[in-house]
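Notes to accompany the following structure.
By convention in this document, chain letters (A, B, ...) are assigned in the order of the sequence lines, proteins followed by strands, and residues within each chain are numbered from 1.
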Protein chains: 2
Amino acid sequence: MVAGVRTGERRGEIIRAALEVIAERGYRGATLGAVAERVGLTQQGLLHYFPSKEALLVAVLDERDRWDTVPDSQWRLDLLPTLVDYNAMRPGIIQTFSALLGESVTEDHPTRDFFTRRYATVRDSMAGLLRVEYGERLPSGLTPERAAPLVVAVMDGLQYQWLLAPNDVDMSQAFRDLLALLGVEARHG
Amino acid sequence: MVAGVRTGERRGEIIRAALEVIAERGYRGATLGAVAERVGLTQQGLLHYFPSKEALLVAVLDERDRWDTVPDSQWRLDLLPTLVDYNAMRPGIIQTFSALLGESVTEDHPTRDFFTRRYATVRDSMAGLLRVEYGERLPSGLTPERAAPLVVAVMDGLQYQWLLAPNDVDMSQAFRDLLALLGVEARHG
DNA sequence: CGGAACCTACCGATCTACAGGTAGGTAGAG
DNA sequence: CTCTACCTACCTGTAGATCGGTAGGTTCCG
């Protein structure tokens, strides 16, 4: 099955195109035709690779999961601002997931479970990260469990403000401000 | 024009219904038929009151604007946690605007301008509020301008986490934690 | 080597559904 | 008689999905 390689590449292209289209239109607003066009296929051709729109979405989410599932052991607190800066250079990615997050709170949305699980684990690893570094109390006095949702909330909330007004909002600075408030100083390298 | 009164009431009902439907499906996912059904009309009956779907959306946003545009002079910092608590009791409203916010970052979305303006003014009044109370430096050392986006971000970010997992996230506590970090103590009544 | 059997990668035509919007009407209040 | 408040009927567009191809391999057998 030599064709398998090519198939994989093609699927990859399609997933990347889908990411773009979802960034521009959200999931509900994205059409298979638009995704197909971007990779030079017809809608039906695309459905050869993914049997349904939802299957394509799942593939997109899986890809993301693989991408940013870094083993906890490799994470370090002082890398967080770097992550924010890194994201700021890829508005497409942020926009895709901000759009999907917004949609995910609506009924029966296929991404709802994904985000619910995702946030649960993200809060957990964040709390774990903080605990490893500081123990039961951060310098600010908060427990890791109570700081974690704040850190996550700030990242998400800033993204929306930044997407709407990139020139008015300095994500990077604001995020480092929060870390400073928590007493979690980023020793920048 | 006595009928004007009834018309106004009807419009109000429709707007409330639209708010619900948007909460459940987002704007793109919401259909005029679903809104109409909720108030016992046909889709065309609804179009008698609002000439288009977008006109209805605008009405929803206007309503919201009127609702929570409180003169700055009446705002007080220690009311913020109350606002958060109050919102927590009305998941529908939060969900409507979280869904719309998510969609608003997509291309050509009719709510984009609304949210862009809204965040600009919200950040401004927040900064103003903090300045009135604390001057150029909050107890934590941050300037009002740098604290404002953080406060706003936390409110929004928490809402998403809370909508996805109401039992795992204590919006109210987390928000007060942030205020405490800023050195903005809420003197609760 | 020749060829039947089968697979991959598509495309065209078409079905179904539903959504937004229009046109034109009717019923009741004043 | 007119205005408001609707409704029925309908048009148009679009989106996801299915069906049935076709063109180009690959496999395996005799």
>> In whole Å, I'd like the distance from the CG atom of L41(B) to the C1' atom of dC7(D).
In response: 10 Å
>> Check this for me, if you would: do R16(B) and E13(B) make a salt bridge, where the nitrogen-to-carboxylate-oxygen distance has to be below 4.0 angstrom?
In response: no
> Would R90(A) count as a cation-pi partner of Y86(A), with NZ or CZ less than 6.0 Å from the six-membered ring centre and within 45° of the ring normal?
Replying inline: yes
>> I need the CZ-C1' distance between R10(A) and dC11(C), as an integer number of Å.
In response: 13 Å
> Contact class for A55(A) vs. all strands (heavy atom < 4.0 Å): base, sugar-phosphate, or nothing?
Replying inline: nothing
> Tell me: CG of L47(A) to C1' of dA15(D), nearest whole Å?
Replying inline: 11 Å
>> Please pick, from dG21(C), dA19(C), dA17(D), the nucleotide with the shortest atom-to-atom distance to any side-chain atom of S52(B).
In response: dG21(C)
> Given the rule in the side-chain hydrogen bond (donor to acceptor under 3.5 Å, both in side chains) test, do Y119(B) and D124(B) qualify, once you have shown the distances and angles that lead to the verdict?
Replying inline: CA-CA 8 Å; Y119(B) 276 103; D124(B) 274 5; over 6 Å; no
>> Quick check on the hydrophobic clustering: are V132(A) and W75(A) connected, directly or via other members, by side-chain heavy-atom contacts under 4.5 Å?
In response: no
> In whole Å, what is the span from the CG atom of L56(B) to the P atom of dA19(C)?
Replying inline: 15 Å
>> What I want to find out is whether E24(A) reaches R38(A) closely enough, with some N-O distance under 4.0 Å, to be called a salt bridge.
In response: yes
> Phosphate oxygens OP1/OP2 of dA19(C): is one of them under 4.0 Å from a side-chain N or O of R28(B)?
Replying inline: no
>> With a 4.0 Å limit, can you tell me whether H48(A) has a side-chain N or O closer than that to the phosphate oxygens OP1/OP2 of dA9(C)?
In response: yes
> Expressed in angstrom and rounded to an integer, what is the separation of L32(A) atom CG from dA17(D) atom C1'?
Replying inline: 9 Å
>> Expressed as a whole number of angstroms, how long is the span from Q44(B):CD to dC11(D):P?
In response: 14 Å
> Rounded to whole angstrom units, what separation is found between the CZ atom of R25(A) and the C1' atom of dT14(D)?
Replying inline: 12 Å
>> Under 4.0 Å from OP1 or OP2 of dT4(D): is there any side-chain N or O of Y49(B) that close?
In response: no
>> Nearest to the side chain of K53(B), heavy atoms from C-beta on, is which of dC7(D), dA9(D), dG20(C)?
In response: dG20(C)
>> How many whole angstroms separate atom CD of Q43(A) from atom C1' of dC15(C)?
In response: 13 Å
